[in-house]
Amino acid sequence: MNSISIIGAGIGGLTLGNVLKQHQYDFTIYESAPEIKPVGAGIMMAVNAMQVFDHLGLKEKIEKAGNKIHRIVIANESLQTISKTEILELETHYNSCNVAIHRAELQKILAENLPSDCIRLNHSLQTIRKKEHYILDFDNGNQIESTIVFGADGIKSPIRNQILKTGTIRNSGQKCWRGLVDFDLPEKYHQEAFEMWGKGKRFGFVKISKKKVYWYACINEKSFSSEASLTDIFKDFDSLVLQLIEATENGNIICSIIADLAPIPKWYSENLCLIGDAAHATTPNMGQGACQAIEDAYIIGKLLEKKQDFNAVFEGFQSIRRKKVDYIVNTSRTIGKISQWEKGNSFRNFLMGLIPESMNQKMAKKIIELEM
């Protein structure tokens with residue numbers, strides 16, 4: 001019998017584990033993978049996430065393992081700047097900065113800060129049933145009974161599907177490649193997150209450690225042949241893009257369809273709550289998917305300081321988080337469409353260039369300010 005079970009040892013589940021540990025709760029995290037190993041690509045931990053890690057005493061360790069990013073730049077295919085958002089002033093105000101890091105490196109830091117016996121690997125949840133408590137059946141044959149369950153099990157969440165019986169995954173129509181490469185990036189890009197907008201496609205890159213660069217390439221799926229190579233698709237972009245692609249081994253490139261979750265009415269049921277992508281998966285266009293899961297864990301922790309009743313916490317959690325999460329899901333979806341227009345790009349870029357820096361700062365502040 002477990003008092004608290006967390007399904008999923010991704011960034012959201014591990015952060016929640018660290019929050020519960022800080023509040024001296026006993027819990028077990030169940031992860032389907034046989035090991036937490038260095039797979040995946042880079043990720044940006046924005047100022048909101050880094051504030052949470054500061055509360056958990058992990059900020060400096062994460063900063064040391066990654067690379068600090070002080071500005072976000074949108075450019076055209078030729079690397080000419082369309083808009084720029086400086087973060088330094090916000091970093092000073094919140095005493096935290098954006099950090100680009102390898103996803104696996106971040107997971108390792110979060111996992112190592114937990115008791116070694118609280119993470120059970122090779123536990124893929126097959127079914128969950130509500131009786132007096134929750135009965136969890138895993139594909140390795142183990143059956144667990146648990147009083148409180150957290151679903152940190154991603155956009156395809158079995159917990160959401162089986163208990164809340166809701167959730168529509170929306171295909172954005174965009175395909176994305178993500179790559180990791182050892183690359184000597186020009187120094188002027190070392191503290192920047194850089195994204196280039198073309199016709200029906202875009203390319204972004206950011207330095208995530210001393211030697212590693214993370215890049216991504218997104219296309220409108222219907223507009224490009226499935227036979228076309230990445231170098232062929234991006235041949236009209238600056239030569240730096242082709243150099244990054246060509247320097248990357250195929251084994252270090254992953255490809256996926258970009259999708260999000262249509263807003264669902266409720267994130268919780270009796271003694272059960274969804275967090276992160278299971279509750280509110282967003283497209284990656286604002287770099288906030290994992291950051292919002294981290295915020296979820298933080299808000300649950302803040303509510304547990306005031307009340308011991310988990311069901312009251314779950315209700316308060318959705319009430320506090322709903323407006324911001326819906327804003328990010330909707331805005332990110334819109335940005336994804338605008339960034340990959342296939343017509344009127346010059347006009348779009350011109351309008352983007354007219355947006356004052358103060359407005360970009362205001363939007364950034366809205367995203368990175370914690371709600372409690």
> Under 3.5 Å, side chain of H23 to main-chain N/O of V19, donor-acceptor pair present?
Replying inline: yes

> More than 12 non-hydrogen atoms from neighbouring residues, nucleotides or ligands closer than 6.0 Å to CD on E371, yes or no?
Replying inline: yes

> Is there a side-chain contact (heavy atoms from CB on, under 4.5 Å) between V99 and F53 once you walk through the steps?
Replying inline: CA-CA 11 Å; V99 176; F53 292 140; over 6 Å; no

> Is a side-chain donor or acceptor of N67 paired with a backbone partner of H190 at a separation under 3.5 angstrom?
Replying inline: yes

> In Å, rounded to the nearest 0.5 Å, how long is the span from CG of N360 to OG1 of T85?
Replying inline: 3.5 Å

> Between R178 and S256, do the side chains contain an N or O donor and an N or O acceptor separated by less than 3.5 Å?
Replying inline: yes

>> Testing the basics here: between M44 and N98, what is the closest heavy-atom pair and its distance to 0.1 Å?
In response: SD-CB, 3.9 Å

>> Aromatic contact between W267 and F314, with the criterion being ring centroids under 6.0 Å apart: yes or no?
In response: no

>> Between H123 and L121 (side chain of the first, backbone of the second, donor and acceptor by atom type, cut-off under 3.5 Å), is there such a pair?
In response: yes

> When you look at CD of E246, are more than 12 heavy atoms from neighbouring residues, nucleotides or ligands closer to it than 6.0 Å?
Replying inline: yes

>> A side-chain contact here means heavy atoms from C-beta on lying under 4.5 Å apart; do N48 and L370 qualify?
In response: yes

>> Taking K324 first and then E295, would you say they form a salt bridge - that is, a charged N and a carboxylate O separated by under 4.0 Å?
In response: yes

>> For the backbone of G57 and the side chain of D54, can you confirm whether one donor and one acceptor N or O come within less than 3.5 Å of each other?
In response: no

> Atom CD1 in I275, atom CG in D153: separation rounded to 0.5 Å?
Replying inline: 9.5 Å

> Charged N to carboxylate O below 4.0 Å: is that the case for K84 and E357?
Replying inline: no

> So, S319 side chain and E315 main chain: donor-acceptor pair closer than 3.5 Å or not?
Replying inline: no

>> Looking at every heavy atom in both R160 and T166, which two are closest together, and how far apart are they?
In response: NE-O, 3.2 Å

>> Do Q288 and S332 have side chains that approach each other closer than 4.5 Å (heavy atoms only, starting at C-beta)?
In response: no

> Looking only at atom types and distance, does a side-chain atom of R103 sit under 3.5 Å from a main-chain N or O of I43, one as donor and one as acceptor?
Replying inline: no

>> Atom NZ of residue position K64 - does it have more than 12 heavy atoms of other residues, nucleotides or ligands inside 6.0 Å?
In response: no

> Between G200 and E342, what is the shortest heavy-atom contact and its length?
Replying inline: CA-CG, 3.6 Å

> Does NZ or CZ of K201 lie under 6.0 Å from the centre of the six-membered ring of F224, at an angle within 45° of the ring axis?
Replying inline: no

> Under 4.5 Å between any side-chain heavy atoms of I320 and K302, yes or no?
Replying inline: no

>> Against F203, only a single residue in W197, Y214, F237, W215 fulfils ring-ring contact (aromatic ring centres under 6.0 Å, His included); can you say which?
In response: W215

> Are side-chain heavy atoms of L240 and F183 found at a separation under 4.5 Å?
Replying inline: yes

>> Before we go on, tell me: are the rings of Y189 and F194 under 6.0 Å apart, centre to centre?
In response: yes

> Do C255 and K175 touch side chain to side chain, with heavy atoms closer than 4.5 Å?
Replying inline: yes

>> If I take atom CD1 from residue I128 and atom CZ from residue F138, how far apart are they, to the nearest 0.5 angstrom?
In response: 8.5 Å

>> Evaluate E195 against Y216 for side chain to side chain donor-acceptor pair (under 3.5 Å), listing each step before the verdict.
In response: CA-CA 9 Å; E195 185 169 283; Y216 55 90; 2.5 Å; yes

>> Would you say I6 ends up clustered with L164 if hydrophobic residues are merged whenever their side chains have heavy atoms under 4.5 Å apart, either directly or through other cluster members?
In response: yes

> Apart from L88 itself, which Ile, Leu, Val, Met, Phe, Trp or Tyr residues share its cluster (side-chain heavy atoms under 4.5 Å, direct or through members)?
Replying inline: none

> What about the rings of F310 and F317, do their centers lie closer together than 6.0 Å?
Replying inline: no

>> My understanding is that only one of I144, N142, T127 makes a side-chain contact (heavy atoms from CB on, under 4.5 Å) with D137; could you say which?
In response: T127

> Run the side-chain contact (heavy atoms from CB on, under 4.5 Å) check on I72 and E192 step by step: do they pass?
Replying inline: CA-CA 6 Å; I72 296 159; E192 291 184 350; over 6 Å; no

> Any idea which heavy atoms bring I328 and T282 closest together, and the distance?
Replying inline: O-OG1, 3.8 Å

>> Just so I know, are the side chains of V313 and I300 near enough to count as touching, which here means a heavy-atom distance under 4.5 Å?
In response: yes

> Once you round to the nearest 0.5 Å, how far does CG of L110 lie from CD1 of I62?
Replying inline: 5.5 Å

>> For a quick test of reading the model, state the closest non-hydrogen atom pair linking H102 to L180 and the distance between them.
In response: NE2-CD1, 3.1 Å

>> Is a donor from one side chain sitting under 3.5 angstrom from an acceptor on the other, for Y94 and E369?
In response: yes

>> Donor-acceptor pair, distance only, cut-off 3.5 Å: does the side chain of E91 make one with the backbone of V47?
In response: no

> Is there side-chain contact between I87 and C97, with at least one heavy-atom pair below 4.5 Å?
Replying inline: no

> For I257 and E221, what are the C-alpha separation, side-chain angles and deciding distance, and is it a side-chain contact (heavy atoms from CB on, under 4.5 Å)?
Replying inline: CA-CA 9 Å; I257 300 300; E221 225 183 339; 3.5 Å; yes

>> Let's go through E112 and K61 carefully: what are the C-alpha distance in whole Å and the side-chain angles of both, what is the deciding distance for side-chain contact (heavy atoms from CB on, under 4.5 Å) to 0.1 Å, and is it a yes or a no?
In response: CA-CA 11 Å; E112 285 178 349; K61 195 175 275 189; 5.6 Å; no

> Out of curiosity, L106 CG to I294 CD1, how far, rounded to the nearest 0.5 Å?
Replying inline: 6.0 Å

> Any idea which heavy atoms bring C218 and C176 closest together, and the distance?
Replying inline: SG-SG, 3.2 Å

>> Under a 3.5 Å cutoff, is there a donor and acceptor pairing between the side chains of N113 and N18?
In response: yes

> N95 and Q51: side-chain donor and acceptor closer than 3.5 Å?
Replying inline: no

> Any side-chain heavy atom of V241 sitting closer than 4.5 Å to one from I245?
Replying inline: yes

> Distance from Q107 atom CD to E105 atom CD, nearest 0.5 Å?
Replying inline: 10.5 Å

>> Using a 6.0 Å cut-off, check whether atom CZ of R120 has over 12 heavy atoms from anything other than its own residue.
In response: no

> Are R202 and N285 close enough that a side-chain donor and a side-chain acceptor fall under 3.5 Å?
Replying inline: yes

> If only atom types and distance count, is the side chain of S157 paired as donor or acceptor with the main-chain N or O of I159 below 3.5 Å?
Replying inline: yes

